[in-house]
Every structure is written in structure tokens, then in C-alpha cells.
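Notes follow the structure.
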Amino acid sequence: MTDRYAVVGNPIEHSKSPQIHEQFARQTGEDLLYTKQKIELGEFESQVHRFFEHGGKGLNVTVPFKEEAFELAKVLTLRAQTAGAVNTLAIQPDGTLLGDNTDGAGLVLDLKNHQVTLAGKRILILGAGGAVKGVLKPLLDEQPAELVIANRTLAKAEALAEQFGDSTTAYGFDDLHGQFDLIINGTSASLAGELPPIPPSVVRKRSGPAAATIGYDMMYGAGVTVFNHWMLHQGAEQVIDGLGMLVGQAAEAFYVWRGIKPKTAEVITMLRQDRRRG
Ligand code: NDP
């Protein structure tokens, strides 16, 4: 019988995960069916149990249920534990529910695919919500020289800096100083077309002798995101949006479920072509 998977969230209409996993299945020759399912608030636990009782093999979990998935999973991977959130659920052979978080691995994979070096670099990450929490450990595993977290609500950035230790520090947007090799926007400001108010001085410009700053927006959309547009205007070397991270986290989830790592490049290309067609 064909194994069943799904992505659950609210809203879910615009999720690209079914397209991505269909391509992965085709590429690897795996026999599976992947759908999307909207879950009403308050019904997450009952709907997840229902899915697995009816033979489902795995779920991707998106906004706003990642913390509930974390609570529900009986076994957690280390990266899910440090993230405090789960985006991948898998039923194990003994019937227990495994919770994993593949968002950070997806980001690091995408940065590597773009030949962005993280070791020894000064990294600034904007935001201190669920997405940022999920990527801090995988980023720190790459051994940057320093990782600065800046957030509108300073206390949240400070709590993360305390949790993640020595090479991590916290600032409010106004207090940022110095220049960074990589600036990652993990705020949801872009969703409203807004910019986190960071000083332009944090971007090292293309004109100087040292390599200019690289910008990464976890958000993605039809064109260049507001944040990436701003970064280019400040003289950034290169900007990358979050589409590759999305495909990367999906590839990691596919690996958790099927034990095979699909290739991401051709799927990213397909999604970008679809996006251009509108
Ligand atoms: P959360 O709601 O958990 O966190 C939102 C964060 O953005 C908080 O730090 C919040 O600050 C900050 N913020 C919101 N509005 C503004 C603003 N106007 N100015 C400055 N800061 C602001 O969201 P998530 O962490 O789940 O998602 C963040 C982004 O990451 C979204 O754009 C999402 O689409 C993207 N994402 C992309 C993924 C991918 O695969 N590419 C995966 C997951 C997320 P405060 O604490 O002060 O409220």
C-alpha cells in the first residue's frame, strides 16, 4: 500500500510542500502520497492521532502548531529539543511518535549550496521567534566566530543568547554596531512588507577591500524580498531568499521518513520557474 504523508497547518492553502515531496518521490522512485491538510485551532492533537491511526506515516507541521507538535512527540531528536519546536513527525516501528526539527538543517544546506562559509564568520540574525530558535544550533555547529541575535523585543533575544551560550550575544536593533559577514532575516516583518530597523552600517559594502556582507531572508516571494532589496541597496555582495531553505528542510524530512536524501537543486529551479509564471 502507498505510504501517506501530509503537511498540516493553518493556513495551509499556499503550502508548496506537496509539490516538493512529489518531486522528491519521483526523483528517488519512492512510492508515497503527500497531501496538505488544514487543522482548526484546538484540534491539532486529535487530528494528528487520527492521521496516524489511519495508517499515515509522517507529517510536516507548520505555523501555528510547531510547539504543540513538540509537546505531542514521545521521542525528540536533539535538534528538536534545542529548538523547542517540531516540524517533522514520524511514526516509528514500535508505534511511538518521533519529533524532529529540520528547519535549521535546511538553512545550513541552502547556505552551503550557495558556497556561503560560516566557520569563523560574524553572523547577525534578526528575530527571536520560532524560526530563529530552530536554526541557532545548526548555525552554531558550523562554528562561526560570533553569532549576534537582534530582536524588537530585546528580552527574547537575551533569553536565546543565554540558552545558546558563549559565542552568542543579544542586542536591540538600535544598538547594533560593527559589520557582519552574513545577515539573516528571521523576522516576520517581511510578510507585511516591512523592514527590521537595523542601521545601514552593519552591512560591509562591495566597494571595499574585504568581502561584502551576504544577506539571507528566510522569507521568499514572487520577487526580491523587501529585506533583500534593502541589503542590495546598502551594497551587499549577494542576497538569497528562503525558498532553498524550504526545499532543504523538506529534503531533511524526506530523509527522516524514507532514509534517502533527495537532491534539492532541480526542485528549487522548478519552483522558481513556477513562481515566474505566477
Ligand atoms: P514568529 O511569529 O515566531 O516570530 C516573529 C519574529 O519577527 C519575532 O522575533 C518578532 O519580534 C519579529 N517581528 C515581527 N514583526 C516585526 C517587525 N515589524 N519589525 C521587526 N521585527 C518583527 O515567526 P517565525 O519565527 O515562525 O517566522 C519568521 C519568518 O521566517 C517568517 O517570515 C517565515 O515565513 C519565515 N520562515 C521561513 C522558513 C523557510 O523554510 N524558508 C521556515 C520557517 C519560517 P518580537 O519578538 O518583538 O515580536
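Please read these numbers as outputs of a predicted model, since none were measured by experiment. Counting convention: from 1, in listed order, for ligands and their atoms alike.
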Review point. Stepwise, does the salt bridge (charged side-chain N to carboxylate O under 4.0 Å, His left out) test hold for D274 with K16?
Key: CA-CA 11 Å; D274 277 6; K16 296 186 191 314; over 6 Å; no
Check your understanding: Can you check salt bridge (charged side-chain N to carboxylate O under 4.0 Å, His left out) on E146 and K121, steps first, answer last?
Key -> CA-CA 7 Å; E146 194 185 354; K121 302 294 181 183; over 6 Å; no
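Protein heavy atom closest to atom 2 (O) of ligand 1, with residue, atom name and distance, is S188 OG, 4.4 Å. Looking only at protein heavy atoms, the nearest one to atom 19 (N) of ligand 1 is A189 CB, 3.7 Å. Scanning the protein heavy atoms around atom 8 (C) of ligand 1, the nearest turns out to be N151 OD1, 3.9 Å. Nearest to atom 32 (O) of ligand 1 among the protein's heavy atoms is T187 O, 3.5 Å. Considering only non-hydrogen protein atoms, atom 28 (C) of ligand 1 sits nearest to G186 O, 3.3 Å. Protein heavy atom at the shortest distance from atom 18 (N) of ligand 1 is E194 OE1, 2.8 Å. A131 CB, 3.6 Å is the protein heavy atom nearest to atom 44 (C) of ligand 1. At the shortest separation from atom 37 (C) of ligand 1 among protein heavy atoms lies M218 O, 3.3 Å.
Taking distance alone, with nitrogen or oxygen atoms compared against 3.5 Å, T153 approaches ligand 1 more closely than that limit. Close N/O approach between L191 and ligand 1 is not found [any backbone or side-chain N/O within under 3.5 Å]. For L195, no nitrogen or oxygen atom sits less than 3.5 Å from a nitrogen or oxygen atom of ligand 1, counting backbone and side chain alike. Among the atoms of V63, none of the N or O lies under 3.5 angstrom from an N or O of ligand 1. Between A128 and ligand 1, at least one N/O pair is under 3.5 Å apart.
At a threshold of 4.5 Å between side-chain heavy atoms, the hydrophobic network of Ile, Leu, Val, Met, Phe, Trp and Tyr places L111 and F180 in two separate groups.
N60 has its side chain within reach of H21: a pair of non-hydrogen atoms, C-beta onward, lies under 4.5 Å apart. Looking only at side-chain heavy atoms (C-beta outward), L78 and K137 come within less than 4.5 Å of each other. Using a 4.5 Å cut-off on side-chain heavy atoms (C-beta onward), I125 and M218 make contact. T187 has its side chain out of reach of F227: every pair of non-hydrogen atoms, C-beta onward, lies at least 4.5 Å apart.
Set against the non-hydrogen atoms of G127, the atoms of ligand 1 under 4.0 Å away are 9 (O). Against a heavy-atom cut-off of under 4.0 Å, F173 is close to the following atoms of ligand 1: 20 (C). Interface of G242 with ligand 1, defined as ligand atoms under 4.0 Å from a residue heavy atom, comprises 41 (N). Contact atoms of ligand 1 toward K156: 45 (P), 46 (O), 48 (O) (distance under 4.0 Å to a heavy atom of the residue). Those atoms of ligand 1 with a heavy atom of G129 less than 4.0 angstrom away are 3 (O), 4 (O), 9 (O), 25 (O).
Salt bridge present: D181 and R204 bring a charged side-chain N and a carboxylate O closer than 4.0 Å.
Not close to ligand 1: S190, with no non-hydrogen atom less than 4.0 angstrom away.
Of the options L140, L147, I123, a side-chain contact (heavy atoms from CB on, under 4.5 Å) to S167 is made by L140 and by none of the others.
Grouped with V63 in a hydrophobic cluster is no other residue, since no side-chain heavy-atom contact under 4.5 Å to another Ile, Leu, Val, Met, Phe, Trp or Tyr is found.
In terms of heavy atoms, N151 sits closest to T153 at ND2-O, 3.1 Å. Across all their heavy atoms, I268 and L243 have their closest contact at O-CD2, 4.2 Å.
Counting heavy atoms under 4.0 Å from ligand 1, residue R152 touches it through both backbone and side chain.
For atom 5 (C) of ligand 1, the nearest protein heavy atom is under 4.0 Å away.
Remark: R4 qualifies as a cation-pi partner of F51 under the 6.0 Å distance and 45° angle criteria applied to the six-membered ring.
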